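These numbers come from the heavy atoms of this one structure, side chains and all, not from hydrogens, waters or symmetry mates. Here the structure is a predicted model, which means the values were calculated and not measured.
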Amino acid sequence: MRLPFLPDEYERLLRRARRQEARRVLVAWNRALGDVALALCGFVDLVGRTIPGAEVTILTRPDLEEACGLVPGVTEVLVGPHWTREANRAHGTPSAADVARELQRMGREGSFDLVIAELRAGRWWRRQLGRYVPRLRWEPAWQARGEALVGRAARGRAVALHVDSETGHLYGYVKNWPRPYWVALIQALLARGQTPVLLGLRQAPPLVDDPRVLDLRGKTTLREALVVILTCGRLVAPDSGLLTFAYFLETVTPLQAVSLWAMARFGILQARVPSPNPALDHRPLVGRRGDISTISVEQVLTALGNGAG
């Protein structure tokens, strides 16, 4: 029987590396954006606690370079230019051969004392649930971009909307709120004199053809999207990487986040820890019987209230 208080394979590996005086650690990462905060943050913290003074390098795909750079304790981020989430096996976990080929292309083979090519959420991760609070780096100076992105008068009347998790097709359940619901929510916000600000990785056809809707989908970097969210002061989003990053930013900035869930056993709800932002007001709405479509537009409007949170 495997007892839960025993170290898992990664903890044993790191302890052995410490005894061998390893310092340069490479971790390959090709999973979801949200898991950068929910899992990778904790593993980098585990490396730092087990091997004091470790230099941690992350090897990842291009769209996660900025995200991995926000993880405390990361010394360097390397990008595998041909890596995509869909192209790799086992939900995006690269193989040792994948990592070796990429390091060879970069001329970096032999640069690391320890290479972790297939990081899985094992016992080390389960032990962190309800205990470890991920903290993503945030610089107050970055916020200066907010007014340029959404306008000077955004706070108090603008609401950031992440209308598509964009990875919903990779899961065995529906993560996204139905499109007609978003349309109705946008129309209701406009009727209230508020500005819907749409966020997402990719450009997409308009949900509502109205010049008062600010559609920034596909037009921001991750950091810029987070600036927009903090500038708006209100966010509505399904379980997604953008929601997770907004939740775990280490900042003291007022933010009201209304999150939409099919089930409560995933993402930031599964982590069961508070945000490191003491000014964040999180209002999760969970669908009935695992169905996100049972969350009504009226429930979301009630959770948002009339102010900026």
Side-chain angles (χ1 to χ4, degrees), residues 2 6-51 53-128 134 165-172 201-202 222 241 244-245 266-267:
R2 301 180 69 182
L6 293 177
D8 75 354
E9 58 180 309
Y10 297 108
E11 292 169 328
R12 290 193 296 268
L13 181 66
L14 292 174
R15 290 175 185 178
R16 183 164 63 246
R18 180 183 60 194
R19 291 193 296 270
Q20 295 171 350
E21 299 185 346
R23 288 292 178 270
R24 300 168 301 169
V25 179
L26 176 82
V27 180
W29 184 262
N30 196 34
R31 290 183 179 270
L33 170 62
D35 289 337
V36 172
L38 292 166
L40 184 60
C41 261
F43 189 75
V44 172
D45 178 73
L46 177 63
V47 172
R49 287 187 285 109
T50 308
I51 308 176
E55 298 176 1
V56 181
T57 296
I58 306 299
L59 173 61
T60 192
R61 62 181 188 265
D63 62 287
L64 292 184
E65 179 180 11
E66 191 174 37
C68 291
L70 297 181
V71 176
V74 170
T75 305
E76 179 185 22
V77 179
L78 299 178
V79 174
H82 308 295
W83 280 17
T84 64
R85 186 170 183 203
E86 290 80 2
N88 279 275
R89 61 186 181 83
H91 301 291
T93 304
S95 68
D98 294 331
V99 174
R101 279 193 298 270
E102 209 58 60
L103 291 178
Q104 187 174 30
R105 290 190 189 106
M106 297 175 180
R108 296 294 297 271
E109 65 269 42
S111 297
F112 303 99
D113 303 317
L114 175 62
V115 174
I116 298 176
E118 300 185 56
L119 179 60
R120 295 176 294 279
R123 195 181 295 119
W124 67 270
W125 175 75
R126 291 191 293 274
R127 277 201 285 263
Q128 292 187 345
S165 71
E166 296 162 348
T167 57
H169 62 286
L170 297 175
Y171 297 84
L201 294 176
R202 302 176 183 87
L222 169 64
T244 304
F245 264 66
F266 299 104

Between [X] and [Y], what is the shortest heavy-atom contact and its length?
X	Y	answer
Cys68	Leu40	SG-CD2, 4.0 Å
Gly73	Val56	O-CB, 3.7 Å
Val99	Ala28	CG2-CB, 3.5 Å
Gly34	Thr244	O-CG2, 3.6 Å
Cys41	Pro134	CB-CB, 4.1 Å
Ile51	Arg18	CG1-CB, 4.1 Å

Pairwise distance [atom1]([X]) to [atom2]([Y]) - rounded to 0.5 angstrom:
X	Y	atom1	atom2	result
Thr50	Arg16	OG1	CZ	13.0 Å
Thr75	Arg23	OG1	CZ	12.5 Å
Ser95	Asn30	OG	CG	11.0 Å
Trp124	Leu13	CH2	CG	13.0 Å

For [Y], does its backbone N or O pair with a side-chain atom of [X] as donor and acceptor, under 3.5 Å?
X	Y	value
Gln128	Gly42	yes
Asp8	Glu11	yes
Arg120	Glu118	yes
Trp125	Phe43	no
Thr60	Trp29	yes
Arg61	Arg31	yes

Requested in this report: Go through Val74 and Val44 one step at a time and tell me if the side-chain contact (heavy atoms from CB on, under 4.5 Å) criterion holds.
Outcome: CA-CA 7 Å; Val74 170; Val44 172; 4.2 Å; yes
**Report entry** Residue pairs fulfilling salt bridge (Lys or Arg N to Asp or Glu O under 4.0 Å) with at least one residue in residues 104-114, sequence neighbours excluded
**Finding:**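 The answer is Arg24-Asp113, Glu76-Arg108, Glu102-Arg105.
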Requested in this report: List in chain and number order the residues that pass ring-ring contact (aromatic ring centres under 6.0 Å, His included) with Phe245, two or more places apart in sequence or in another chain; answer none if no residue qualifies.
Outcome: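 If we apply the ring-ring contact (aromatic ring centres under 6.0 Å, His included) test to Phe245, skipping adjacent residues, there are no hits.
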**Report entry** Within-4.5 Å side-chain heavy-atom neighbours: Thr57 and Leu78
**Finding:**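 They are in side-chain contact.
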Query - Minimum side-chain heavy-atom gap Arg101-His82 below 4.5 Å - result: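 Side-chain contact under 4.5 Å: no.
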**Report entry** Leu26 vs Leu103, side-chain contact (heavy atoms from CB on, under 4.5 Å): CA-CA, chis, key distance, verdict
**Finding:** CA-CA 10 Å; Leu26 176 82; Leu103 291 178; 3.7 Å; yes
**Report entry** side chain to side chain contact (heavy atoms under 4.5 Å, CB included) partner of Trp83, the single match among Leu64, Asp63, Leu59
**Finding:**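 Among the candidates, only Leu59 passes.
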